[in-house]
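In the text below, chain A, chain B and the rest are named by the order of the sequence lines, each starting its count at 1.
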Number of protein chains: 2
Amino acid sequence: MKISAQEEYGLRCLVQLANLGAGETLTLPQIAEREGISVAHAGKLLWLLNRAGFVNSTRGPKGGYFLSRPASEIRLNEIIKVLDEDVLSSHCESYTGVLEKCVHTGDCGIRPVIVGLHELVEHALGQVTLAALVDNEEKVDAMFHQIEGMVKRAQPRGLGQ
Amino acid sequence: MKISAQEEYGLRCLVQLANLGAGETLTLPQIAEREGISVAHAGKLLWLLNRAGFVNSTRGPKGGYFLSRPASEIRLNEIIKVLDEDVLSSHCESYTGVLEKCVHTGDCGIRPVIVGLHELVEHALGQVTLAALVDNEEKVDAMFHQIEGMVKRAQPRGLGQ
DNA sequence: TCAAATCCTTACTTTTTCGTCAAGATTGCG
DNA sequence: CGCAATCTTGACGAAAAAGTAAGGATTTGA
């Protein structure tokens, strides 16, 4: 199970922009340098994010990229959906997306697991905004530990063995 | 974020074997046919699972594959770890695995998210055994909805915006 | 002992993802 | 205007993942 390169570095680029003050922008070379990737690579990522409506840009001298919405209104699940196709995707063509009914024979037991994971990840990412990532690193950290604690106490019913 | 083909189809093969009665086996052509993949492909997956100690096999006529441990002692997180490298992996070389300290400059806010996701997924998969997949489809389903419900009630503290 | 059934292993091909390159378009400034 | 800084776009190449092919090894049973 993997976070794709596009997801990871696209998210990093957005974090850079979320750190800017009002009216500030970052150029491709600046973003590339800070993330340790090539300018061309950054260019492609920012182009994707632009097309998806997360960032805007101005060309020419003094130009650059900036968020097109407040960081507090951008949630991680939206970002991941745009950089990949879904929050969590699987291969079996019997799924339409991940959530539709499986056409495999009745003894396919893995569907509920994939659906469950999808919901878990989707929901967790939906709780985190870009702003939270920038401003409240400790709080995000605390939140995840809180969730983890809840999950730990939640389950030992119905399974066991 | 993606479930790799190896993870998905490897898991499916194990589910097939977990459905067997004592002393029964399945041959590669049988497994391949049931999952809609080529025999060669099934062969590679079963070889991985064999090497990892989840299945055993006998050769010759009447041979085939079978689980080397009871399905109730095999948890999904172990399986995923073997079929890929980890339950959830990321790209940044600054992580050693996902859980070590990030070497990026201090303003890298995404580390806690990756670590949090890792723990979430790891823990969820650790709750599900192969046996549960086969025998208790409804119970697994119910469990995930239970976890999801807990997570939903758990978080709105510390983030909000 | 031979033949058929079966797994085992390595090498290869295809597809997808990742990343680069280069030419083009737009803007600001002297 | 004309140059330089900047983003935009599509084509290309490299690397990784997915899947295929084929010959070898082992076992059973007649």
Side-chain angles (χ1 to χ4, degrees), chain A residues 1-13 16-17 24-33 35-68 80 83-86 89-93, chain B residues 1-13 16-17 23-33 35-68 80 82-86 89-93:
Chain A
M1 214 150 142
K2 207 170 254 176
I3 295 176
S4 78
Q6 256 185 40
E7 288 169 350
E8 179 163 342
Y9 287 103
L11 190 52
R12 285 182 188 283
C13 292
Q16 292 296 335
L17 296 179
E24 292 180 321
T25 65
L26 284 177
T27 68
L28 282 180
Q30 289 174 320
I31 295 172
E33 206 268 329
E35 293 304 339
I37 61 182
S38 74
V39 174
H41 192 186
K44 184 174 247 178
L45 292 171
L46 270 292
W47 177 73
L48 288 171
L49 294 168
N50 189 344
R51 191 181 59 168
F54 291 115
V55 310
N56 274 125
S57 60
T58 55
R59 296 202 251 199
K62 303 284 177 183
Y65 290 92
F66 53 95
L67 292 183
S68 49
I80 299 298
L83 291 173
D84 248 317
E85 285 175 11
D86 205 345
S89 63
S90 115
H91 292 261
C92 176
E93 294 176 3
Chain B
M1 213 149 145
K2 208 169 253 175
I3 295 175
S4 77
Q6 256 184 41
E7 288 168 351
E8 179 163 343
Y9 287 104
L11 190 50
R12 285 181 188 283
C13 292
Q16 292 295 337
L17 296 178
E24 294 180 318
T25 65
L26 283 177
T27 67
L28 283 181
Q30 288 173 321
I31 295 172
E33 206 268 330
E35 293 305 340
I37 61 182
S38 74
V39 174
H41 191 187
K44 183 176 242 178
L45 292 171
L46 270 293
W47 177 73
L48 288 171
L49 293 168
N50 189 345
R51 192 181 59 170
F54 291 115
V55 309
N56 273 127
S57 60
T58 56
R59 296 201 250 199
K62 304 282 178 187
Y65 289 94
F66 53 94
L67 291 183
S68 49
I80 299 297
V82 159
L83 291 173
D84 248 319
E85 286 177 11
D86 205 346
S89 63
S90 115
H91 291 261
C92 178
E93 293 175 4

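From the 5' end on, the contacts that DNA chain C makes with chain A at under 4.0 Å to a non-hydrogen atom open and close at dC18(C) to dG28(C).
Residue L26(A) is in sugar-phosphate contact alone, with no base atom involved, counting any heavy-atom pair closer than 4.0 Å across all strands shown. Counting any heavy atom pair closer than 4.0 Å across all strands shown, G64(B) reaches sugar-phosphate atoms only and no base atom.
Of the residues in residues 52-62 of chain B, those placing a heavy atom less than 4.0 Å from an atom of DNA chain D are R59(B), G60(B), P61(B), in numerical order.
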N/O donor to acceptor pairs below 3.5 angstrom from side-chain atoms of residues 23-31 of chain B, sequence neighbours left out:
| residue | atom | partner | partner atom | Å |
| --- | --- | --- | --- | --- |
| E24(B) | OE1 | G21(B) | N | 2.5 |
| T27(B) | OG1 | Q30(B) | N | 3.3 |
| T27(B) | OG1 | Q30(B) | OE1 | 3.4 |
| Q30(B) | OE1 | T27(B) | N | 2.7 |

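Bending across the helix from dT1(C)-dA30(D) to dG30(C)-dC1(D), expressed as the angle between its end axes from five pairs apiece, amounts to 10° (10° rounding).
If you take NE2 on H41(B) and OH on Y9(B), they are separated by 8.0 Å, rounding to the nearest 0.5 Å. Taken from OG in S57(A) to CG in L49(A), the straight-line distance is 11.5 Å, to the nearest 0.5 Å. Here the OH atom belonging to Y65(A) is positioned 11.0 Å from the CH2 atom belonging to W47(A), to the nearest 0.5 angstrom.
In this structure, the side chains of L17(A) and L46(A) come closer than 4.5 Å at one or more pairs of heavy atoms. Under the 4.5 Å side-chain criterion, counting only non-hydrogen atoms from C-beta, T58(B) is in contact with F66(B).
As rounded to whole Å, 9 Å separates atom C1' of dT8(D) from atom CG of N50(A). The interatomic distance linking L28(A) (CG) with dT9(D) (P) rounds to 13 Å, in whole Å. For the pair Y65(A) OH and dA5(D) P, the interatomic distance rounds to 17 Å; values are reported in whole Å.
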Are there any protein N/O atoms within less than 3.5 Å of an N/O atom in nucleotides 18-23 of chain D, and if so, which ones and at what distance?
| residue | atom | partner | partner atom | Å |
| --- | --- | --- | --- | --- |
| dA18(D) | OP1 | A5(B) | N | 3.2 |
| dG19(D) | OP2 | H41(B) | NE2 | 3.3 |
| dG19(D) | N7 | K44(B) | NZ | 3.3 |
| dG19(D) | O6 | K44(B) | NZ | 2.9 |
| dT20(D) | OP2 | S38(B) | OG | 2.5 |

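Residues satisfying the side chain to side chain contact (heavy atoms under 4.5 Å, CB included) test with E7(A), not counting sequence neighbours, are I3(A), S4(A), I80(A), L83(A), D84(A), M1(B).
Summarising the geometry of A42(B) relative to A32(B), their closest heavy-atom pair is CB-CB, 4.0 Å, with the distance given to 0.1 Å. Of all heavy-atom pairs spanning C13(A) and L45(A), the tightest one is SG-CD1, 4.2 Å.
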